[in-house]
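For reference, the structure is listed below as structure tokens.
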Amino acid sequence: MSEIPKAYEPSQVEEKWYKYWLEKKFFSANPDSPKPSYSIVIPPPNVTGVLTLGHVLNNTIQDILARWARMRGFEVLWLPGTDHAGIATQTVVEKTLRKQGVMKHRDELGREKFLKKVWEWKEKHGGIIITQLKKLGCSCDWDRERFTMDAHYSFCVQKVFVELYRKGLIYRGKRMVNWDPTARTALSDEEVIMKQVNGHLWYIKYPLIKPDGTVAQDEYVLVATTRPETMLGDEAVAVNPKDTRYAKLIGRKVLLPLKNKPIPIIADELVDPEFGTGCVKVTPAHDPADYEMALRHNLPFTIVIAPDGTMTADAGEDYEGLDRMEAREAVIEDLKEQGYLLKVEDYTHNVGFSERSNVPIEPYLSEQWFLKYPAVEQALCAVEEGRIKFYPERWVKTYTHWMRNLKDWCISRQLWWGHRIPVWYRKKNSSGSQAEARRPDTGCGEDQTIDKDIWVDVTPPPDPENWEQDPDVLDTWFSSWLWPFATMGWPEQTPTLKKFYPTTDLVTGPDIIFFWVARMIMAGYEFMGEKPFHNVYFTGIIRDKLGRKMSKSLGNSPDPLELISKYGADALRFGIMRSAPQGQDLLYDEQHVELGRNFCNKLWNACRFRQMQGGAFEGEIEPSLLSNDDKWILLRLDRAIREVTEALETYHFNEATQVLYRFFWSEYCDWYIEASKAVLQGNNEARKANTLAVIDFVLSNTLRLFHPFLPFITEELWQGMGFNNDLPQMQGGSTIMYAHWPKPFDDDFKEFYGLDESDEQLAEARYELVRQGRNLRREYNIPTNKKVKFYFKPSEEKYSLEPEVMRVLLNADEFIIDRNYQPQKGTPSAHSALGELYMPLVGLIDVQAEKARLEKELQKAKQELERAQQKLSNQGFLQNAPKSEVEKVKYRLNESEEKVKKLTAALSALGI
RNA sequence: GCGCGCUUAGCUCAGCGGUAGAGCAUCAGUAUCACACACUGGGGGUCGCAGGUUCAAAUCCUGCAGCGCGCACCA
């Protein structure tokens, strides 16, 4: 007898096998393998990151796909790594350095020292998430782990920048950008999150200036604004040219309150006469729309808000140095005092917030680098025409909509942590011609103005003392978009790149469809001339029970590692997968994980049960000895194999787990194992051995079906049960990881073992009878542990009921088949198409109770009969419905007819 | 404003053209020998509303309502 513990204890098991897999290099991808390739690149988590449930969902899916592919005979590369995550990382490190008292602002340290600190920090804490992914069981090829700031990767980023620059797709310009005043950097449009804010609409009077230059005392235009502080930078008031109310004012001037500065009234189409007063204040330097207008009307750009969000000297000495929010209060106060504020209304509107700092974005005029996206048309068509497939498909629309409305991408960031822009500017007073001689040729079609004072190349200029490098770094996503090939050795045509690019599947969240997915597709076509992946699977977003996003500040984000130590990694994986419908958000509840734990335990004990039976493992199945129950479970297994495989093929992971759950728990454990006990406890040795062979066959297949979902426990059981004996030895060790994926039974197999649909029908009818018998016990309050006798009067003799099995399933003393059984009047009975079941009770006959019971049953049977009759009397149904459907209804009709007949007879036998 | 998604048992969700399903919760029973992280039985739903297509609709189509998300320069 083995000493397997009663309950599954995951912790040591998981550690043991993960170590084993690593030692044996089971995760390594071999580019020279003759097998077909299957590859995934991990969406690189931030180096600063710790594992969240989102990662669990995402990486479990990838692991399932990778493990499944290995079992199907693919050469699998799952390439892992981390992202330097510019702003996120820099912010985190800045915060800790401030906390440690090392600095207040990074300027105190200077660029070099600060970067050294970040690298130190990265070396110390950067790997956390990688070890956490290992705990989850991820089968990544860790020898190929990459980081977006590896030397080679950085080279790729620079190379790409230079290439795009020479193509004329990258340019520098002074534009209105989204400015994060806390991080003090520009952001891309995608990094701005619009939020609805309850604010106010302030109505301000701008007095008219008379033609003679004096200020009109009671004539004014009324302007409505949500940002009164920006008025300090106003350069005009705009009205719609078609707005008759103001037509005669166009060209006149108003006095800008507080600053006492005359500004013109201009006409611009952009103004909506319906909104507010129809007059808009124009702040060229602090509003994107106003910026556009200012360009059209040649207005000056007065900057009143500095990059750090405080007011500049141009705002006026009363306001200089105030934070923009403080300035707002002050301006309102002053306007009120001086009688310019007419009224205030409550007003909800959308305000852009920085995704990172969560502070309102400031539109800010500055010199930045921009990219015109390359390979747009190709990238768009590839998805639209299905060369790249999205799952679920609906994201295609989101993608194409974005792709058709692309705006140039602001790629420069005023940060230090990141890839520094490979551009040098000639120092003012230097004059070297030697650099000019080597200056890269822009080559490509666009007539980019050649500027000999700019050096753009992967290598710095040869006379660096005369040049100054651009201080900015590139947006993190400008490196991430190269991930599928920069990680594989590009631009060299490495064996890895040749074997594994394009990758097979990408698994990611829909929230980064623009940030990452779309850009990777464009980069793939631009630099590889080929798509980066065939399929993209978009996961849902994990929310808490109340539907809120997981977040640190809400404290509703459970630590997956705690869950793993409490329930086991397999349990966490299974629980999450079981509740993650395709592409739909999922509400997390710890109960899901508990369910996973329970399931693992069930699997554990089912195998424990098998081991306790002893006997050789994986004996041959002898077809002639198969019982009805054996055939039934084999057919169910076949069905489970088909359904799980199909679910995986279509990325329906929750369906796959649900099929497995149903098959293993309800069908195998609840019915088959229980039925098999009849044989195993008997003394027919041949049948016993055959039952064990069936059990082993089913378990061996089941463990394999489960392996991608539950890698640890399946390996433990696979090895423990000795199923590994006939497997090829992989790198000196055996493993379920490379056991072949179960195939559905073919016709030869079914014929050989005599498996037929009729077996299923019989088994199900028998189980239905058992259910009825158990119900009788319950109705008559016979405790489940009390033995009773059952008599059965079969309607025909031609089927084998397996009475011993029935006895065990009913937990009965005896199950007696007797065609001539004469029950005492009022004996509890159940009636099915197979026959009548009686449960004689000593001294406890209640005729009235039995009558009531039977009447209820009869009612049900009659209803069913009626429904079937109705269907079959419908000409349309008979003519149009498929034959199999009609057959099914006919079968049902027969069954219920039989039942009605029997119940009626039983009732009349009661004689009341 | 445009686009997308959701609405099924008390809760969380599957099902997406052929008699309404699961888990949890609930009620009743069970220390039974693989598992109390378990077993057995029960109760509970006119599948958001209104039309239409079909022999047949939770499932397909149209409209409406409620909730959520994304995109959009209305100050």
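Chain letters run A, B, ... following the sequence lines, proteins first and then strands; every chain starts at 1.
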Rounded distance in Å - OH (A:Tyr651) to C1' (B:rA14): 21 Å
Gap in Å between the two P atoms, one belonging to B:rG51 and one to B:rC11, rounded: 26 Å
Taking only side-chain nitrogens and oxygens of A:Lys602, does any of them come within less than 4.0 Å of OP1 or OP2 of B:rC39? yes
Consecutive-pair stems (3 or more, Watson-Crick or G-U, under 3.5 Å) for RNA chain B: B:1-7 with B:65-71, B:10-13 with B:21-24, B:26-30 with B:38-42, B:48-52 with B:60-64
Take the protein atom CH2 of A:Trp671 and the nucleotide atom C1' of B:rA38, then report the distance between them rounded to whole Å. 17 Å
Residues that A:Glu393 engages under salt bridge (Lys or Arg N to Asp or Glu O under 4.0 Å), provided they are two or more places apart: none
Pairwise P distance for B:rG48 and B:rC16, with rounding to whole Å: 16 Å
Exam field: side chain A:Arg853 to backbone A:Glu779, donor-acceptor pair closer than 3.5 Å: no
How does each nucleotide of nucleotides 2-10 of chain B score, in 5' to 3' order, for protein heavy atoms under 4.0 Å: base (B), sugar-phosphate only (S), or none (-)? -SSSS----
Nearest-angstrom distance from the residue atom NZ of A:Lys6 to P of B:rC35: 5 Å
Could you walk me through whether A:Leu809 and A:Trp671 pass the side-chain contact (heavy atoms from CB on, under 4.5 Å) test, one step at a time? CA-CA 8 Å; A:Leu809 291 177; A:Trp671 287 106; 4.1 Å; yes
With nearest nucleotide decided by heavy atoms, which residue, A:Arg892 or A:Val770, maps closer to the 5′ end of RNA chain B? A:Arg892
Taken to the nearest whole Å, CE/A:Met612 to P/B:rC35 is 7 Å
Once you round it to whole Å, what is the distance between C1' of B:rU40 and OH of A:Tyr780? 18 Å
Kindly state each residue pair satisfying salt bridge (charged side-chain N to carboxylate O under 4.0 Å, His left out) with at least one member in residues 876-890 of chain A, sequence neighbours excluded. A:Glu885-A:Lys888
Can you tabulate the close N/O pairs, meaning under 3.5 Å, that link protein atoms to atoms of nucleotides 73-75 of chain B?
residue : atom : partner  : partner atom : Å
B:rC74  : O2   : A:Asp272 : OD2          : 2.7
B:rC74  : N3   : A:Asp272 : OD2          : 3.2
B:rA75  : OP2  : A:Tyr347 : OH           : 2.7
B:rA75  : O2'  : A:Ala224 : O            : 2.9
B:rA75  : N6   : A:Asp272 : O            : 2.4
B:rA75  : N6   : A:Phe275 : O            : 3.1
B:rA75  : N1   : A:Asp272 : N            : 3.1

So, does the side chain of A:Glu674 form a donor-acceptor pair with the base of B:rA34 at under 3.5 Å? yes
Rounded to whole Å, how long is the line connecting atom CZ of A:Arg608 with atom P of B:rC37? 14 Å
Please report the distance separating the P of B:rC55 from the corresponding atom of B:rA25, rounded so that it comes out in whole Å. 46 Å
A:Lys677 NZ to B:rU32 C1', in whole Å, measures 8 Å
Contact class for A:Glu779 vs. all strands (heavy atom < 4.0 Å): base, sugar-phosphate, or nothing? nothing
Partners passing side-chain hydrogen bond (donor to acceptor under 3.5 Å, both in side chains) against A:Asp268 (at least two apart in sequence or in another chain): A:Arg296, A:His297
Partner residues of A:Lys343 under the side-chain hydrogen bond (donor to acceptor under 3.5 Å, both in side chains) criterion, sequence neighbours left out: A:Glu345
Can you tell me, in whole Å, how much space there is between the C1' of B:rA38 and that of B:rA31? 11 Å
Give a yes or no on this: more than 12 heavy atoms of other residues, nucleotides or ligands lie within 6.0 Å of atom CG of A:Asn683. no
Enumerate the residue pairs fulfilling salt bridge (charged side-chain N to carboxylate O under 4.0 Å, His left out) with a member in residues 670-681 of chain A, sequence neighbours excluded, ordered by first and then second residue. A:Glu674-A:Lys677
Value in whole Å for how far the P atom of B:rC39 lies from CD1 of A:Ile782: 23 Å
When rounded to the nearest Å, what value does the distance between C1' atoms of B:rU26 and B:rU32 take? 25 Å
side-chain hydrogen bond (donor to acceptor under 3.5 Å, both in side chains) filter on A:Arg597, not counting sequence neighbours, yields none
Taking the P atom of each, how far is B:rG18 from B:rA58, in whole Å? 10 Å
Heteroatom pairs (N/O) under 3.5 angstrom, protein to nucleotides 53-55 of chain B:
residue : atom : partner  : partner atom : Å
B:rC55  : O2'  : A:Asn874 : ND2          : 2.7

Parallel, tilted or perpendicular, as decided by the 30° and 60° cut-offs, for the rings of A:Phe653 and A:Tyr651: perpendicular
Atom pairs under 3.5 Å: protein N/O with N/O of nucleotides 22-26 of chain B:
residue : atom : partner  : partner atom : Å
B:rA22  : O2'  : A:Arg578 : NH2          : 2.9
B:rC24  : O2'  : A:Gln591 : OE1          : 3.1
B:rC24  : O2'  : A:Gln591 : NE2          : 2.8

Any A:Asn775 side-chain N or O less than 4.0 Å from OP1/OP2 of B:rG42: yes
Return the set of residues passing side-chain hydrogen bond (donor to acceptor under 3.5 Å, both in side chains) with A:Asn178 (not counting sequence neighbours), or none when no residue passes. A:Asp189
